Number of protein chains: 2
Amino acid sequence: MSVLESPTDTSFAAGLGELLPEALLKLLQGLEPDRPASVAGEDGGTGTVAGDEASEYGQLAPAPQGPRLGIGMDSCVIPLRHGGLSLIQTTDFFYPLVEDPYMMGRIACANVLSDLYAMGVTECDNMLMLLSVSQKMSDKERDKVMPLMMQGFRDAAEEGGTSVTGGQTVINPWIIIGGVATVVCQPNDFIMPDSAVPGDVLVLTKPLGTQVAVNAHQWLDMPEKWNKIKLVVSKEEVKQAYQEAMLNMATLNRTAAALMHTFNAHAATDITGFGILGHARNLALQQRSDVAFVIHNLPILAKMTAVSKACGNLFGLLQGTSSETSGGLLICLPREQAARFCAEMKSSRLGQGGGVGQDGGVGEGQQAWIIGIVEKGSRCARIIDKPRIIEVPPRGSVSWGQEGNNNNNKANSTGAPSPTERQSPALN
Amino acid sequence: MSVLESPTDTSFAAGLGELLPEALLKLLQGLEPDRPASVAGEDGGTGTVAGDEASEYGQLAPAPQGPRLGIGMDSCVIPLRHGGLSLIQTTDFFYPLVEDPYMMGRIACANVLSDLYAMGVTECDNMLMLLSVSQKMSDKERDKVMPLMMQGFRDAAEEGGTSVTGGQTVINPWIIIGGVATVVCQPNDFIMPDSAVPGDVLVLTKPLGTQVAVNAHQWLDMPEKWNKIKLVVSKEEVKQAYQEAMLNMATLNRTAAALMHTFNAHAATDITGFGILGHARNLALQQRSDVAFVIHNLPILAKMTAVSKACGNLFGLLQGTSSETSGGLLICLPREQAARFCAEMKSSRLGQGGGVGQDGGVGEGQQAWIIGIVEKGSRCARIIDKPRIIEVPPRGSVSWGQEGNNNNNKANSTGAPSPTERQSPALN
C-alpha cells in the first residue's frame, strides 16, 4: 500500500511535486468506522473483532479471531472466518520512472510484493496486474513497450513464487503499472509490525537515493540542471548510480522477509514514497512499547549525497525525506541478531533479483546495514545531527565489496575490526 | 475483472472507442504458462494443481487442491494451501460516467463486487479502493467531488457486508475509481461457471441499455446529436432513463448471488463491457457440456431501443454488443427453478440498493427476466432474429409493475396467464 504513499509516489514518478489534499487523507483515514482497527500481537490473541461479519446472507459463521491491521501500514491484515487464517493484501500502482520497460515491470511487481515482505510474508498466493496503456503512444510504441513491461512484471512475480492470474487494463493519458498481492496466512507466517522494544537495532536492506539517481539521470539531457551538479559527479557516475538504483528497485525483499523469522524481527516496514524518516516515523507510531527510532547511518548510492548537496538538497536525502521506490525493508531486530541477519543477507542467493544483475549481481547476495537503534521514547523517529553517510558503490565496481560492504560478514576473515563495529560506534 | 472488459469499459466511460491492441490481449492470455488454468467442477475434486506452490522459502506445504480459474472469467479462483479453501478475487477500475460523484462511487463498488456475485459468492472479506484524483480539478472541485465519490464507494461496500481497508491513490489526468474485492471461500460458497446443460434457461437480473441512456443524456446538451433522436424520445424520458440506469448500475447483484445457491444455478457471469452477447459467448466457452446459449428476449430500459434505432444502432444494443457498466447477472438455471428465482428476486428486500432508490425503490425487490434457453451446441451464443424487446419502465413510473414487471411472481394472484408464459412462448 498505500494511500499514504501516494503523494510522494506520484511526485517522484511523475515529477508533479503535488500533494494530495488534506481532506482526502482525512477521509481515507476515516474509512473504517465500524471496524476498530486495533493492532494486536502476532500471537493473535488480542485482536479486536468486527461485529458485523455474519450478515443476513451467509450462515452465522463464528466471528473471526486474530490481529487486524487497517489503513496506514504496508498491508492490511483481515482475520478470516476459517481456521484462524488471515488475509493479507496490498495494492500499489504508479507511473514509469525508468526508461527500460522490462525493468519497470520488474520494479512495479517488486514494489507491490515488498508490502507483503514487510510483514515477514514470503509467499504470495495471487497477483493481479493493474495496467493502463497510454492513448498517446503510437501503435508501434505500444506493441513494443507494453509487452516488455508486462513480461518484467510477470518474471518478478514468478521470482516471488506466484503468478499473475488477472487484473484490469484501461487506456489513459499516462502509462500506469501496478498490482495487487494477496496471501492467506497462518498466524506464524506473518509478523505484525508493532513489537519493537528499547535495545533493538534498525536494519535497512537497500541503499537510499533512488529518487536522486533517477532525477540526476534525467538531467543528463537538461543542460541547466546538469550544470548544477556536473562539478561533483561525472556522467559515467550518474549512469552507474541510475543503473544501480534500477537493479535495487527490481530486487525483491523476499530474502529479508524470510530472515525476519530466523532472527526474530520485532517490526518492519518498507521504504517508499515518504523516505526513510517518514516510514520510520510511521512504523514508530504502530509500536506497543514506548520507543523511539534513532537513525545514525545513511547508506546512500555512491555520489548521490554529493549530487543532492549540489542541488541545494532539493530532495531532502540527508534529512531522510527523499522518496524511494521499491526501497529496502527497515527492520527492528534484537541487537544480538542484527549482525547475523546482515551476514545471512550477504551470503544468501535467494530472492536477490539475480536474473537482472549484470555485473557481479548473481550469487553475491544483498547488502544490509545496521543504521540505528531503538530506545525508550514516545513513538517517534529521528536522524542524528550528523549521520554517517555510507557511500554504496555500484555492484561490480572496483569498490564493490569494500566500503559499501561494511557488514558483519561470516566470510570476513581479514582480522580487521568487523564492519559493524567500524560503522556504528554510536550503537555500542 | 477483467482484462477482457477494458476495451469497452474504456470506450463506454471515456468515449474513446479505442480497442486494446490484439498483441496485449494475447500476452494477457498467455500469462499463466506454469499453471494450467483448467476449470474444474465445483465439487473441487478435479482441479489442476500447480506444481510450483512449495517454494524454497516456506515449509513444504501440501499442494493445494480444488478448482482453479484464471484469466477470462469474472473472478480468479486460486486453491489455497489451507484446508480446502479457495481465494477468489477480482479488480476493476474505470472512469466516471455519471455526473453524480456519490452515485459514481456506488456504481464503481457495485461493479467490482458484481464479479464475486457472478461466482455465487455473497460475502466479501476485504475491499481495497483504487483512486486517482485528476490534476485538472481545482482544489474546490477536488475537495467536493472526491470525498463524495469515496463515500459512495464505501457505502456500497458496507451494503455488501464488507469495508474498505486500504488501497492506493494517485494523481492522474483523468479521475479513476475502482477496487479490489477478495474473499476466502469454502467449496460450497461459490459456483464455478461451467455446468450449464441443455434444458437450462437464461435469466438476466438487470435491464440492458445503460450505455445508450448515459450517452443520450450527454446529448441533451449537444444539439446536433440531440436532433437525431428527438423525434423518438422526450427530454424527460431521457432523464428518466438515465436516472434509472444510474440506480440499476448502483444496485448490488448480491440477492441474485444468494438465490443462485437456492435455485441450483449452473453457471453465471455479469454483463459489462462486452454487452449481453459478448458475455454470453464468453460464458458459453467455459462450459463443460456441449451447449449453446440462445437469447430470445431483451429487457431494455424504456425508450432506449427507439433511441438506439434513431441513431443508426450506433451501440449495437439490439445485437447485444452495447456495453453495460455494473450490469445484471446472466445466470443458467434449471428450467423448473427459473420462475421461482425471478419471483424471489422480486419479493426480496435484500441487496437491492434500497438506500438509493428514490421512487418506489425501497422494498420492491429487483426484476429478473427469463431471456433465453440453453440447448445442445458448440459452446457459442446467439440472439434470435427478431428478439422480443421488453421495455422496462423507470421504477416509480405509472407503468412500473406492469409491462416491465413480467415475471412469474408469487404475489401474482390475478388469474391471468403468468408473465413468464406471456413473455417467452419460444421457451415452452
Side-chain angles (χ1 to χ4, degrees), chain A residues 1-3 6 9-10 16 18 20-21 23-24 27 31-32 34-35 55-58 70-71 76 78 80 82-83 85 87 89-94 122-123 125-126 128 130 133 135 139 142-143 146-147 150 154 161 163-174 180 182 184 254 258 350, chain B residues 1-3 6 9-10 16 18 20-21 23-24 27 31-32 34-35 55-58 70-71 76 78 80 82-83 85 87 89-94 122-123 125-126 128 130 133 135 139 142-143 146-147 150 154 161 163-174 180 182 184 254 258 350:
Chain A
M1 304 234 244
S2 72
V3 295
S6 46
D9 263 355
T10 306
L16 289 179
E18 190 176 2
L20 275 181
L24 270 186
L27 194 69
L31 272 174
E32 297 178 278
D34 303 330
R35 290 184 166 183
S55 80
E56 63 272 40
Y57 285 92
I71 289 173
C76 59
I78 311 285
L80 292 169
H82 313 283
L85 295 169
L87 173 68
Q89 62 181 179
T90 181
T91 182
D92 247 327
F93 58 99
F94 51 42
T122 58
E123 302 301 322
D125 286 316
N126 196 35
L128 304 175
L130 308 175
V133 180
Q135 50 169 182
D139 285 4
R142 200 168 50 188
D143 290 353
M146 298 309 292
M150 292 162 72
R154 174 192 154 182
S163 65
V164 180
T165 61
Q168 166 83 335
T169 306
V170 300
I171 294 172
N172 191 62
W174 295 349
V180 184
T182 303
V184 175
R254 197 180 187 195
L350 296 174
Chain B
M1 297 233 247
S2 67
V3 296
S6 47
D9 265 354
T10 305
L16 289 180
E18 190 176 1
L20 275 181
L24 269 187
L27 193 68
L31 272 174
E32 298 177 277
D34 303 330
R35 290 184 168 184
S55 81
E56 62 272 40
Y57 285 92
I71 289 173
C76 60
I78 311 286
L80 292 170
H82 313 284
L85 295 170
L87 173 68
Q89 62 180 177
T90 181
T91 181
D92 246 328
F93 58 99
F94 52 41
T122 57
E123 302 301 323
D125 286 316
N126 196 35
L128 304 175
L130 308 175
V133 180
Q135 52 171 180
D139 284 4
R142 201 169 49 188
D143 290 353
M146 299 309 291
M150 293 162 72
R154 174 191 155 183
S163 65
V164 179
T165 61
Q168 166 84 335
T169 306
V170 299
I171 293 172
N172 191 61
W174 296 349
V180 184
T182 303
V184 175
R254 198 181 187 195
L350 296 174

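Note on naming: letters A, B, ... go to the chains in the order of the sequence lines (proteins, then strands), and numbering restarts at 1 for each one. Since the structure is predicted, the reported quantities are computational estimates derived from the model, not experimental observations.
- For the atom pair CG (Leu87(B)) and OG1 (Thr182(A)), the distance works out to 6.0 Å, reported to the nearest 0.5 Å.
- Heavy atoms only, all atoms of each residue included: Cys76(B) and Leu128(A) are closest at SG-CD2, 4.0 Å.
- Of all heavy-atom pairs spanning Ile171(A) and Trp174(B), the tightest one is O-CZ3, 3.4 Å.
- Listed for the His82(B) side chain is a donor-acceptor partner under 3.5 Å among the backbone atoms of Val184(A).
- Annotation: the span from Phe93(A) atom CZ to Thr169(B) atom OG1 amounts to 7.0 Å, rounded to 0.5 Å.
- With rounding to the nearest 0.5 Å, the separation of CG in Leu130(B) from CG in Leu130(A) is 5.5 Å.
- Within the model, atoms CG of Asp125(B) and CG of Leu80(A) stand 5.0 Å from one another, a figure rounded to the nearest 0.5 Å.
- In this structure, the separation between CD1 on Ile78(A) and OG1 on Thr165(B) is 4.0 Å, given to the nearest 0.5 Å.
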